[in-house]
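Here is the structure we will look at, set down as structure tokens.
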Amino acid sequence: DDSLLSEPLSHPDFFNVKELFSLKELFDARVHLGHKKGCRHRFMEPYIFGCRLDQDIIDLDQTMQHLQLALNFTAHIAYRKGIILFISRKRQFCHLVERTARECGEYAHTRYWQGGLLTNAHIQFGPGVRLPDLIIFLSSLNNVFEPHVAIRDAAKMNIPTVGVVDTNCNPCLITYPIPGNDDSPTAMELYCKLFRMTIIRAKDKRRQSEIFNELQ
Amino acid sequence: MAVAVGRALRLGGRWSAVAPAGPRPQTLRLIYTTTAVRRKNVGASGPEKYTEAFIKKQIEEFNLGKRHLANMMGEDPETFTQEDIDRAIAYLFPSGLFDKQARPMMKHPTEVFPEQRKIQWGEDGRPFHFLFYTGKQSYYSLMHETYEKLLNAQKYQDQLTAQDLPPQKEKKNLAGSRWLTKIELEEMLLEKLSDLDYSRFIQLLQKLLTLPCGDIEEKYIQKFSKEVPAQLKKVVIEPLKYDERGVAFSTGEGTRKTARATVVVYDNGTGKITVNGIDILHYFPVLQDREQLLFPFQFLDRIGKHDMVCTVSGGGRSAQAGAIRLACAKALRSFVTEQEVEFMRQAGLLTVDPRVKERKKPGQEGARRKFTWKKR
């Protein structure tokens, strides 16, 4: 059991998430497109490649590195049977995100966030609830263009977060930010596909390792 | 230090002493707590109020009690139905309370205790439903499914336009059906809904209706719509009966205030009317009452054509006349065409007069009359 859990940690990329995406794929899915110069957040300036005709372009090399770290982290969490919660407050992609979560066997929350869901969970859900072990933000703003409450709540409850941050978002409290576009449908479908593939891959690997250990 | 203590005491909190387990056990750290911390939140003590074991025990007790009750009433315990139980309880514990639900009752525990939701997560702590962390999982999963049906319908429509087929315009019959009410939906989902949630769901369903959908979507929508029974209940007009002489007759019943009347109207008559065995001239000396009796015949131009035998009890002079009039009109429906029945209904001959004597209220002399107001 100990070897089952400690073995993946010795490799830098145990689940080989690098092969799931390439720079060209990110470019074709328009992940590099940000918002206009006026919407730019101060803390996103390191991730921005440049500005063309007032529109910010995100540096895809940095995105690749961050995406690899984030996918690797989600794979490890899924391998250790953690609960993953997908959050996105974009109405366009609500159905897509819920469908992705259902196909992975994980959980989603794309609706109005009730105040005490994480911080007041024992009273909202009942005693003995298990809170999510990872929260993935596919869009870290809510409908009023403010940072989603769950970022702050997850930080309060010591829950690691992975989040796609656009040029108008605040990447501060997110543990594994992924600078990228969160408004185009192609970009969102790409992210959903990547997360779904990593989670399924990690779960399959876990099942195989367990069967392998039982046989020995 | 004294200032801080004074400030805290003014704020009204409680001091509790905390001894830190460290290298210096002598010092006590005073921390500031409020009564809110001690207050137990009983109202939010979890969704499961009735455990499964409790409900099972209640069901066993119910079955045992049913057998005891059957033995008490001297009936067979095996074939003792719920109606028998209700009758037995009503006999053993008579109650004059108006509210039926306040009276003693003995029902199966599944009817008495509302359906509860069991624990939502498994042994390892993972919740069963993928939308568990939203709080309202059934409602949001319902919205998710409905939206999926909407997307499928849109795809189907796109396919039709791609194949250049004309869009199917089938007008669904909305008049005979209504959507589920908020309370019915809450019962279906076992969850509380807000008005906004409910209205959003209904809007989604209506949007789904506007698109041309296939069979699956029709069945899905039917789950959330109910048939509205026709407003006007079709009153069954009884056919004519024939007695030994071959004369057609029909009966009718009528009420007015406290008077109850039953009437038998015979065909091929001469216009003779008998009330409680007495001729109407002797029973109703006042002209107004006799006019009331004759009104249905006069309306249908059948004054000298029918004989009538009535029995009436209760009420006063005018009430009995009105009751007989209504009973007579009801009896005449069988002799007459549907159009004339409609005319009678519109004339008010077939409506029961709902006016009864209003009760006297305390502090007043009568139903409406107040006591004489004296200035001093």
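Hydrogens, waters and symmetry mates are skipped; everything else that's a heavy atom, side chains included, is used. Proteins get letters first, then strands, A, B, ... in listed order; numbering begins at 1 in each.
In this structure, His95(A) has its ring center under 6.0 Å from that of Tyr147(B). Aromatic pair Tyr133(B)/Tyr107(A): ring centres closer than 6.0 Å.
Residues Gln114(A) and Lys136(B) have side chains in contact (heavy-atom distance under 4.5 Å, counting atoms from C-beta outward). For the pair Val129(A)/Phe132(B), a side-chain contact is recorded, criterion being any heavy-atom separation below 4.5 Å from C-beta on.
Here CZ of Arg111(A) is found 6.0 Å from CE of Met143(B). Values are rounded to the nearest 0.5 Å.
When the heavy atoms of residues 96-106 of chain A are compared with those of chain B, the residues falling under 4.5 Å are Glu98(A), Arg99(A), Arg102(A), Gly105(A), Glu106(A), listed by number. Contacts with chain B (heavy atom to heavy atom, under 4.5 Å) involve no residue of residues 157-195 of chain A.
Partners of Glu19(A) according to the side chain to side chain contact (heavy atoms under 4.5 Å, CB included) rule, which considers only residues two or more places apart in sequence or in another chain, are Asn16(A), Arg201(A).
Closest approach of Thr134(B) and Leu117(A) over heavy atoms only: O-CD1, 4.2 Å.
The number of heavy-atom neighbours closer than 6.0 Å to CD1 of Ile183(B), taken from other residues, nucleotides and ligands shown, is 12 or below. For CZ of Arg206(A), the number of neighbouring non-hydrogen atoms (other residues, nucleotides, ligands) closer than 6.0 Å is greater than 12. Atom CZ of Phe113(B) has more than 12 neighbouring heavy atoms from other residues, nucleotides or ligands inside a 6.0 Å radius. Around the CZ atom of Phe27(A), the shell of radius 6.0 Å holds no more than 12 heavy atoms that belong to other residues, nucleotides or ligands.
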Distance-only donor-acceptor hits, side chain of residues 133-145 of chain A, under 3.5 Å, sequence neighbours excluded:
unit_1: Asp133(A); atom_1: OD2; unit_2: Ile83(A); atom_2: N; d: 2.9
unit_1: Asp133(A); atom_1: OD2; unit_2: Arg130(A); atom_2: NH2; d: 2.9
unit_1: Ser139(A); atom_1: OG; unit_2: Leu141(A); atom_2: O; d: 3.4
unit_1: Asn142(A); atom_1: OD1; unit_2: Val144(A); atom_2: N; d: 3.1
unit_1: Asn142(A); atom_1: OD1; unit_2: Glu146(A); atom_2: N; d: 3.1

